[in-house]
Amino acid sequence: FILGILKFFDGNERALSIQSLIDEIKKNKEFLTLETLHEIHPSVVVDKIDRNYSPITVEDEEKIDELRKQYLPIIEKLKTIRNKECAHLDDRRIDGTFVPNEVEKLINTIQEMLNTISARFDMSTTLWDHLKDEAVDGVNFVLDNLHRGEEKRHEEIMEKWRRGI
């Protein structure tokens, strides 16, 4: 989970991050015209869209950057966890933790960033509201399995020591 969420904010140009998505849109801006939008989505009424259509604007980028800046502290905490406990497995555990509510807010912010791009890029009215639900479901799945596994382990220990083995 941590590795996945951090890819979204990765500075490496090869990473599938919000910045690489913005850069790709900007790189292909000349091809992403109002006419192309209409060809892809015939239901879009071209006459009602500003003739100066752009798949992304400076304002969109500024909004996304401001959203990212709000969460730099939690992103840095997650990077520390990734580097020390997930990617490199340091000998000793790191000090400090992160608050799940912060991560939930970060996921909501990612959804808002993607909604900003979608709304401008293809006039989408579909919201990226499933990310949080999928993350919560995934974490609950892992925790449920850990809980069931711990119960089973406890049963096996009790059975083993009842028999005197």
Side-chain angles (χ1 to χ4, degrees), residues 1-28 32 40-41 55-56 59-165:
F1 171 76
I2 291 171
L3 292 172
I5 203 165
L6 287 175
K7 286 180 186 177
F8 191 78
F9 296 102
D10 197 319
N12 186 321
E13 63 185 35
R14 296 179 303 158
L16 182 55
S17 65
I18 186 68
Q19 190 57 54
S20 66
L21 178 60
I22 290 169
D23 291 344
E24 193 66 25
I25 291 170
K26 288 167 57 176
K27 185 170 80 177
N28 292 290
L32 301 170
I40 295 170
H41 299 289
I56 194 162
E59 292 81 13
D60 295 336
E61 289 184 75
E62 288 171 353
K63 177 181 177 181
I64 290 168
D65 193 49
E66 283 302 312
L67 289 169
R68 184 190 58 77
K69 285 178 183 174
Q70 287 177 352
Y71 290 93
L72 282 177
I74 185 65
I75 292 168
E76 290 304 315
K77 285 181 190 178
L78 291 173
K79 280 183 182 177
T80 299
I81 292 168
R82 176 198 65 193
N83 292 343
K84 293 188 176 273
E85 295 204 10
C86 298
H88 304 291
L89 297 176
D90 281 7
D91 291 339
R92 59 185 167 78
R93 297 192 56 83
I94 60 170
D95 294 329
T97 59
F98 62 93
V99 179
N101 291 340
E102 291 176 313
V103 175
E104 183 176 341
K105 289 176 186 174
L106 181 61
I107 292 169
N108 287 332
T109 299
I110 291 170
Q111 290 177 162
E112 187 175 347
M113 290 174 173
L114 292 171
N115 287 335
T116 298
I117 289 175
S118 293
R120 171 94 50 215
F121 180 73
D122 67 356
M123 306 302 165
S124 176
T125 56
T126 304
L127 296 178
W128 287 83
D129 60 354
H130 61 284
L131 296 176
K132 178 180 151 194
D133 295 339
E134 289 176 1
V136 168
D137 289 346
V139 170
N140 284 335
F141 177 77
V142 168
L143 292 176
D144 288 345
N145 281 307
L146 287 172
H147 182 70
R148 282 194 296 275
E150 183 63 18
E151 287 176 0
K152 182 67 175 166
R153 186 184 72 79
H154 183 72
E155 289 172 12
E156 289 171 353
I157 290 170
M158 295 304 290
E159 181 63 31
K160 177 180 178 180
W161 294 109
R162 262 187 251 156
R163 291 183 295 173
I165 297 176

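The structure displayed is predicted, hence computed values, not measured ones.
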Applying side-chain contact (heavy atoms from CB on, under 4.5 Å), run through Ile18 and Ile117 and close with a yes or a no. CA-CA 10 Å; Ile18 186 68; Ile117 289 175; 3.4 Å; yes

side-chain contact (heavy atoms from CB on, under 4.5 Å) between Arg68 and Asp65, intermediate numbers included: CA-CA 5 Å; Arg68 184 190 58 77; Asp65 193 49; 2.8 Å; yes

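At least one side-chain heavy atom of Ile110 sits under 4.5 Å from a side-chain heavy atom of Phe9. Considering only heavy atoms from C-beta on, Lys105 stays 4.5 Å or farther from Gln70 through its side chain. Contact of the Ile107 side chain with the Glu104 side chain is not registered, since no non-hydrogen atoms from C-beta on lie closer than 4.5 Å. Within the 4.5 Å cutoff, the side chain of Phe8 has heavy atoms near those of the Leu114 side chain. Using a 4.5 Å cut-off on side-chain heavy atoms (C-beta onward), Asn108 and Gln111 make contact.
A salt bridge does not link Glu151 with Arg148: none of the charged nitrogens is closer than 4.0 Å to a carboxylate oxygen. Lys27 and Asp23 are not joined by a salt bridge, as no carboxylate oxygen comes within less than 4.0 angstrom of a charged side-chain nitrogen. With salt bridges taken as basic N to acidic carboxylate O contacts below 4.0 Å, none links Arg153 and Glu156. Salt-bridge check for Asp60 with Lys63: failed, with every basic side-chain N at 4.0 Å or more from each acidic carboxylate O.
Atom-to-atom distance recorded for Leu67:CG and Tyr71:OH is 8.0 Å, nearest 0.5 angstrom. To the nearest 0.5 angstrom, Gln19 atom CD is 12.0 Å from Glu24 atom CD. Atoms CD1 and CD, on Ile56 and Glu61 in that order, are 5.0 Å from each other to the nearest 0.5 Å.
Closest approach of Met113 and Ile64 over heavy atoms only: CE-O, 3.4 Å. Here the shortest heavy-atom pairing between Ile25 and Leu32 reads O-CD1, 3.8 Å. Contact between Lys7 and Ala15 at its shortest, heavy atoms only, is O-CB, 4.4 Å.
Residues satisfying the side chain to side chain donor-acceptor pair (under 3.5 Å) criterion with Glu13, sequence neighbours excluded, are absent altogether. With sequence neighbours excluded, the residues forming a side chain to side chain donor-acceptor pair (under 3.5 Å) with Glu59 are Thr57, listed by chain and number. Taking the side chain to side chain donor-acceptor pair (under 3.5 Å) definition, one finds that Asp10 meets it with nothing, sequence neighbours left out.
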